[in-house]
Amino acid sequence: MAMPADTNAAGDIFGGWVLSQMDLAGGIAAGQRAEGRVVTIAVDRMKFIRPVHVGDVLCVYTDVVKVGNTSMEIKLEAWALRHRYGHREKVTEAHFTFVSVDDGGRPRPVPN
């Protein structure tokens with residue numbers, strides 16, 4: 001849930017807070033696909049469509065769209081459930097790239 005501490009001077013939720021929530025969701029999806037540790041290496045096509053407001057619940061949906069040898073591209077969409085109980089609106093979308101890494105932080109193959 002978006003809280004007052006996450007706002008900018010205009011009273012909207014910081015884009016960086018939204019990006020952070022998307023990175024967490026994308027990391028979960030990528031980690032499940034990689035069956036292990038992943039790191040974010042790129043954010044592409046980030047598009048802010050509508051603002052997020054205090055009291056909105058941010059729902060982030062993921063889709064693994066491409067898997068390489070060590071990397072994965074994850075499409076993410078963020079939707080706001082307005083004022084916790086209201087209608088849902090798409091607020092942001094982006095493509096994140098994650099790399100599967102071993103315990104030493106070195107790239108490792110994504111399992112088939």
Side-chain angles (χ1 to χ4, degrees):
M1 182 182 315
M3 300 297 284
D6 304 314
T7 60
N8 60 25
D12 296 322
I13 299 302
F14 280 115
W17 181 85
V18 174
L19 178 109
S20 174
Q21 302 308 303
M22 293 174 76
D23 191 34
L24 289 168
I28 291 168
Q32 288 174 335
R33 178 61 181 82
E35 299 175 7
R37 185 176 168 200
V38 296
V39 294
T40 308
I41 63 161
V43 177
D44 296 308
R45 296 176 282 216
M46 187 81 182
K47 181 179 181 184
F48 291 97
I49 301 164
R50 300 231 185 279
V52 176
H53 306 289
V54 171
D56 289 349
V57 173
L58 192 69
C59 306
V60 182
Y61 302 95
T62 64
D63 183 29
V64 179
V65 295
K66 183 178 177 184
V67 178
N69 184 41
T70 61
S71 66
M72 294 152 284
E73 181 181 340
I74 313 289
K75 178 183 178 189
L76 293 107
E77 290 185 357
W79 291 68
L81 180 59
R82 298 301 187 187
H83 308 293
R84 295 187 307 179
Y85 310 109
H87 67 284
R88 288 181 348 130
E89 284 188 307
K90 185 176 177 180
V91 294
T92 310
E93 62 186 23
H95 286 244
F96 284 53
T97 303
F98 295 87
V99 170
S100 175
V101 296
D102 63 19
D103 289 337
R106 294 174 298 277
R108 71 171 183 87
V110 176
N112 288 327

Between [X] and [Y] (side chain of the first, backbone of the second, donor and acceptor by atom type, cut-off under 3.5 Å), is there such a pair?
X    : Y    : answer
R33  : P111 : yes
R108 : A34  : yes
D102 : G104 : yes
D12  : H53  : no

*Who passes salt bridge (Lys or Arg N to Asp or Glu O under 4.0 Å) against R37, sequence neighbours left out?*
none
Kindly give the heavy-atom pair with the smallest separation between [X] and [Y], and that separation in Å.
X    : Y    : result
M1   : W17  : O-CZ2, 3.9 Å
V110 : S100 : CG2-CB, 3.9 Å
V43  : A94  : CG1-CB, 4.4 Å
L76  : F96  : CD1-CD1, 3.2 Å
A25  : V60  : CB-CG1, 3.5 Å
K90  : W79  : N-CE3, 3.2 Å

Could you give the distance from [atom1] ([X]) to [atom2] ([Y]), rounded to the nearest 0.5 Å?
X   : Y   : atom1 : atom2 : value
L58 : T92 : CG    : OG1   : 7.0 Å
S71 : K66 : OG    : NZ    : 7.0 Å
F14 : D6  : CZ    : CG    : 8.5 Å
E73 : H95 : CD    : NE2   : 5.5 Å

*So which of R88, R82, R84 actually passes side chain to side chain contact (heavy atoms under 4.5 Å, CB included) with D56?*
R82
*Are V18 and Q21 close enough, and set up right, to give a side chain to side chain contact (heavy atoms under 4.5 Å, CB included), and what steps lead you there?*
CA-CA 5 Å; V18 174; Q21 302 308 303; 5.9 Å; no
*asked:* Apply side chain to side chain contact (heavy atoms under 4.5 Å, CB included) to residues V39 and I41 and explain how you reach the verdict.
replied: CA-CA 6 Å; V39 294; I41 63 161; 4.2 Å; yes
*Check ion pair E77-K75 (N to O, under 4.0 angstrom)*: yes
_Counting C-beta onward and ignoring hydrogens, is there a side-chain heavy-atom pair between I49 and V91 closer than 4.5 Å?_
no
_Would a single hydrophobic cluster contain both V38 and L19, if residues Ile, Leu, Val, Met, Phe, Trp and Tyr are joined by side-chain heavy-atom contacts under 4.5 Å?_
yes
